[in-house]
Amino acid sequence: MNITLRQLKVFERVARRLSFTRAAEELYLTQPAVSMQIKQFEESIGLPLFERLGKKIYLTRAGEELYRVSRTISLQIEEAEQLIEELKGTEGGRLVLAVASTVHYFGIRLLAEFCRNYPKVRVSFKVTNRKGLLQQLEDNEADIVLMGQPPDDQDLVSEPFLENPLVIIAPVRHPLVGKRGIPLDDLKHETFIMREQGSGTRYSVERFFAERGIQITASMEMNTNGAIKQGVEEGLGLGIVSIHTLEREVEDGRLAILNVEAFPIVRQWYIVHRAGKRLSAAARAFGDFVRTEAHRFVRKDMLQAALGEPAGR
Ligand code: PGA
C-alpha cells in the first residue's frame, strides 16, 4: 500500500463527519479535491471505504477499520507536535486559541498585550459561537478556549476568570431609556433581536426568561454582536448583549443600556482546555496571563455609568 499522511488526514475527516462537504469546508479544500483524494486512497488500498445509501454516506467494514487506525495515527502525530511545541517553550512555540464571538472584543486587546510580552509565539486566533467552540474542543483543534460556562464534561478542564454581565440595549430615543427598575413584565411589549441558535448568549437569555415564565418576542435573529448593536441603533428591536461587546456606543449617544429589574444577567467567562491535553509552554503562559490580567482589559466603569449609579458600588 502506498498511502500518504495527507490522504489519511482527508479520509479521517470525511469519516468523522460522514460528509464530503463538511470535510472539505473544514480542511479548506474544494469538494472535488476531497473526492479525488478519497478515490486515490481507495485505489491504493484496493477496497471501497465509503458506501452511499440515498443521500447519506456510511463507512464500509474496511473504512471502519481504517478509521480506527487513522485516529490513533493522528493522535500520535498531534502528540509529537505538542512535544515539539513544548520543547520550543515560549521562544517560537505555537498557540491555537478559540474564543467566543462575544469574547473577541476584549480578547484581541488581551492577546495584543500577551504578544508584546511573548513576541516569538505564533498565534492562531479563531472566533466562533458557543456551539463552534464545543466542536473545536471535541475535535482537539484548540489549545485554549475562552467561552461562557462549558457543559459539565469530564473531558474538559475549565476555570472561571471574569464576570460577564448581559445587558439590554436600546436606541437612545426609546421610551424606556432613563427609567429605573423597569419591571420584567414590561418587556412583553417589546421585540428583540436575538443571537442565533448555538450562541451562549442566546442560551442564557432564553433560560433566564423561561425560569421566570416570561415570553419575549424575537423580531429577528442575527449571528454577530456587531450586527445586533447596529440593528438596535437602527430601531429594529431591543438587544441583549454582553457588556463586553460595547465599545463607545453608549458614550457616543448611539445606544443606551436599560435599567431593568433582575438585570444584568451575570454570567462568567471560562478558560477551558481538554483534560489530558499536554499544553505547550506558550499555552500555559497564555493561561496564566488570562487568569491574572484579563480584568485589566474590560471596562469596569461602564455598567455603573450606564445605569446611572456611582462607580465602585
Ligand atoms: P456567544 O457567547 O456564543 O454568544 O458568542 C459565548 C458563550 O457564552 O459561550
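Computed from a prediction, not measured in an experiment: that's the story for all the values here. Read the numbers this way: they start at 1 and go in the same order the structure lists the ligands and their atoms.
- Here Glu42 contributes atom CD and Phe50 contributes atom CZ; the two are 7.0 Å apart, rounded to the nearest 0.5 Å.
- Looking only at side-chain heavy atoms (C-beta outward), His174 and Glu190 come within less than 4.5 Å of each other.
- Ion pair Glu251/Arg299 flagged as a salt bridge, since at least one NZ, NE, NH1 or NH2 atom sits closer than 4.0 Å to an Asp/Glu carboxylate oxygen.
- Of the polar atoms of Thr128, none of the N or O atoms is found under 3.5 Å from an N or O of ligand 1, judged by distance alone.
- Figure legend: cation-pi geometry between Arg130 and Tyr203, with NZ or CZ positioned under 6.0 Å from the six-membered ring centre and within 45° of its axis.
- When only modelled atom types and interatomic distance are considered, Ser204 and Arg267 share a side-chain donor-acceptor pair under 3.5 Å.
- With ligand atoms numbered from 1 in the order given, ligand 1 contributes 7 (C), 8 (O) to contacts under 4.0 Å with heavy atoms of Arg267.
- When hydrophobic clusters are built by joining Ile, Leu, Val, Met, Phe, Trp and Tyr residues whose side-chain heavy atoms come closer than 4.5 Å, directly or via intermediates, Ile228 is not grouped with Tyr105.
- Checked against a 3.5 angstrom limit, the closest N/O atoms of Asn225 and ligand 1 fall outside it.
- Of all atoms in ligand 1, listed by their number and element, those nearer than 4.0 Å to a heavy atom of Asn129 are 3 (O).
- In this structure, atom 3 (O) of ligand 1 lies nearest to the protein heavy atom Gly200 N, 2.8 Å.
- At the shortest separation from atom 4 (O) of ligand 1 among protein heavy atoms lies Thr201 OG1, 2.6 Å.
- Stacking of Arg13 on the aromatic ring of Phe11 is not recorded, the 6.0 Å distance cut-off and the 45° axial limit not both being met.
- Here is the list of ligand 1 atoms found below 4.0 Å of a heavy atom in Ala100: 2 (O), 6 (C).
- Those atoms of ligand 1 with a heavy atom of Thr102 less than 4.0 angstrom away are 1 (P), 2 (O), 4 (O), 5 (O).
- Protein heavy atom at the shortest distance from atom 9 (O) of ligand 1 is Gly148 N, 2.8 Å.
- Using a non-hydrogen distance threshold of 4.0 Å, Lys131 does not register as a contact of ligand 1.
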